[in-house]
Amino acid sequence: MTSIYQINSATRIRFARRFLISLSRMRRASTLGPPSDEEIRTRTRRIRIVSYSSMAFAVGSSRAWSRALVLKIRNRARFRGILRNKCLASKKKRVIKRHKVSREMSKTDMLRRLVPGGAGMGICGLLEETAHYMTCLATQVKVMQSIADHYSK
Amino acid sequence: MNRALLPEMLHSTDMTVLERQRARFKWQQEQQQQQQQQSFFGDLSGVFQLQQQHQGFQGDLGEVVTRSVKPDPSLMDNGWSDLVGFGPCGYGNYNGSGFDVNCAISSTSSCPPAVVAPATNAKVLAEGREPVLSEKLNSGVARECLKKRKVDKVQNSTKVVAEDDSRGKRIKGCPEDGESKNTQKNNKSSSTSKNSNKENSAETSKDNSKVTEVQKPDYIHVRARRGQATDSHSLAERVRREKISERMKYLQDLVPGCNKITGKAGMLDEIINYVQSLQRQVEFLSMKLAAVNPRLDFNVDNLFAKEQAFPAWATNFPASGMSSDMTNRAYLQFNQVQQQQQQQLVTCCGLDVGINPPDMGLRRTISSPRSIPEMFLDSSCFTHIQPSSTWDADLQNLYNVAFEQGTIEASNLLKMEM
């Protein structure tokens with residue numbers, strides 16, 4: 001069973017490659033010189049999305065969470081424009097929703113929220129996906145750490 | 001053989017176990033034929049499809065019909081291996097006395113493995129397993145005479161059972177109409193089918209069942225252990241619980257610092273905390289990367305050079321699998337790139353595992369000069385590679401390469417960076 005959960009070095013390499021490519025693309029687009037706070041924030045968000053997406057693409061469609069993540073990213077890209085228009089209209093609804101009593105969330109619900117694509121799985125599958133997702137996150141962190149270390153020298 | 005005959009035969013104490021089983025088997029075949037004519041496959045396939053789509057356990061615990069665990073993909077399935085098998089089999093319409101008879105027979109047949117010839121046993125098993133029913137059908141079945149079987153017998157008969165499975169018709173379940181009949185038939189619930197169940201459960205618990213490897217059965221049978229409830233629901237729940245605990249144990253190994261925590265709730269807490277912390281770390285690192293000023297375009301070119309190198313390197317990286325041919329090719333690819341980039345790529349050679357392409361005379365070492373982004377590859381990706389040789393040798397090699405390419409300035413540049 002452990003073999004299924006282990007991430008190959010190939011996956012790591014794929015992830016690193018995609019991540020680097022997108023990072024370099026971003027750097028090309030960005031302005032030189034010290035970035036402003038706002039710029040940092042937007043860049044942070046973009047880099048985070050890029051890292052998750054490159055991880056998901058590196059893993060491919062072999063796991064449920066990567067499939068769910070890929071779909072989410074694609075949908076987000078597709079509907080970004082539409083959502084912006086709808087954002088203003090839904091503000092009222094958001095205010096109303098706050099008055100709702102928040103439901104007590106069980107631990108499994110929280111885990112479902114954390115792991116992408118966890119909503120549609122049973123506990124057994126959820127635990128499996130969590131294990132793989134955790135290992136992928138760990139490699140993601142390691143790779144990003146080393147890149148950041150390199151760049152900060 | 002008629003129904004009337006069989007009880008008599010069974011009750012007669014003269015018969016040996018073998019003969020009894022043979023008689024039972026023949027009788028069963030008859031029953032089965034009748035049964036098959038009435039089975040509505042379509043309903044069942046519908047039920048199965050539903051079950052296929054349904055990925056949760058929650059309500060379906062009684063799901064008796066199980067899917068077998070195939071070696072790799074099965075484990076990734078969402079809850080397919082939630083299994084309970086029942087082997088109700090068409091033993092036939094017996095009255096209550098049949099139970100005891102069966103018990104006796106089963107006890108005699110199951111305990112000494114030598115008594116029952118595997119072949120006949122297997123046949124009976126195969127036939128007995130056929131009407132594997134959905135929960136509705138089996139809820140009323142009383143499971144009696146369950147005894148733990150030895151592992152030898154398990155391994156022995158599973159193979160035979162497996163073969164017979166392929167021949168045996170697998171009725172995936174019986175329609176609701178046949179329910180009454182089946183419950184009656186289940187009275188006889190086969191000791192032998194239970195044997196097969198137990199075998200399979202033992203197998204699955206040990207490693208992925210040989211049965212599944214032999215061919216493609218669709219379910220794994222589970223047998224209740226001694227002293228435990230024999231309900232179909234409880235069996236299914238037990239299997240489910242075992243799977244969950246297995247996964248939790250694996251997660252315990254993954255999450256650092258969870259050795260002392262026992263219990264699902266604590267483990268779940270730790271898991272959630274760990275995943276949240278990892279996500280926070282990703283966020284933090286992305287912020288760090290966003291804040292870092294991009295250096296010169298130099299680096300970007302490095303990155304791109306690296307990108308191009310990747311297709312060659314990516315295949316090279318499983319260290320054991322490398323061949324000098326590939327490294328040569330990779331190196332040749334480098335040659336096609338610009339000089340400056342090539343210099344960077346030369347440093348990439350440091351990632352190589354230490355194969356010496358004879359013609360090139362470049363001794364590729366594992367310790368890379370830390371000037372280029374591949375550094376992160378070193379630390380994160382190739383943890384299995386150990387840093388080696390001396391700095392001087394590296395420098396020497398790099399100078400050689402630089403000289404080969406005719407740009408000494410580049411090598412100076414590298415030297416500076418180091």
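This one's a predicted model, so the numbers in the text were calculated from it and none came from an experiment. Lettering follows sequence order; numbering is per chain, from 1.
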Subject >> B:Phe284 portion near chain A, given a 4.5 angstrom heavy-atom threshold >> reply: neither

**OP:** Please state whether the side chain, the backbone, both or neither of B:Asp269 comes within less than 4.5 Å of a heavy atom of chain A.
**Re:**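 Contact with chain A involves both backbone and side-chain atoms of B:Asp269.
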
Subject >> Partner residues of B:Val275 under the side chain to side chain contact (heavy atoms under 4.5 Å, CB included) criterion, sequence neighbours left out >> reply: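 Testing B:Val275 for side chain to side chain contact (heavy atoms under 4.5 Å, CB included), a comparison that skips the adjacent residues, returns A:Leu114, A:Thr130, A:Tyr133, A:Met134, A:Leu137, B:Ile271, B:Gln279.
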
**OP:** Determine the minimum heavy-atom distance between B:Ser286 and A:Ile47, stating which atoms define it.
**Re:**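 Where B:Ser286 meets A:Ile47 most closely, the heavy atoms are CB-CG2, 3.5 Å.
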
**OP:** Grab the two heavy atoms, one from A:Gln145 and one from B:Leu285, that are nearest each other, plus how far apart they are.
**Re:** N-CD1, 3.7 Å

**OP:** Return the set of residues passing salt bridge (Lys or Arg N to Asp or Glu O under 4.0 Å) with A:Arg48 (not counting sequence neighbours), or none when no residue passes.
**Re:** B:Glu283

Original post:
Stepwise, does the side chain to side chain contact (heavy atoms under 4.5 Å, CB included) test hold for B:Arg247 with A:Cys124?
Top reply: CA-CA 7 Å; B:Arg247 306 253 157 100; A:Cys124 212; 2.9 Å; yes

Value rounded to 0.5 Å, distance of [atom1] in [X] from [atom2] in [Y]:
{"X": "A:Leu111", "Y": "B:Gln276", "atom1": "CG", "atom2": "CD", "answer": "9.5 Å"}
{"X": "A:Arg112", "Y": "B:Ile272", "atom1": "CZ", "atom2": "CD1", "answer": "11.0 Å"}
{"X": "A:Ile123", "Y": "B:Met248", "atom1": "CD1", "atom2": "CE", "answer": "9.0 Å"}
{"X": "A:Glu128", "Y": "B:Ile244", "atom1": "CD", "atom2": "CD1", "answer": "11.5 Å"}

Subject >> Side chain / backbone / both / neither for A:Gln140 at chain B, heavy atoms under 4.5 Å >> reply: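 The side chain, not the backbone.
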
Original post:
Could you walk me through whether A:Leu127 and B:Tyr250 pass the side chain to side chain contact (heavy atoms under 4.5 Å, CB included) check?
Top reply: CA-CA 9 Å; A:Leu127 289 179; B:Tyr250 184 75; over 6 Å; no

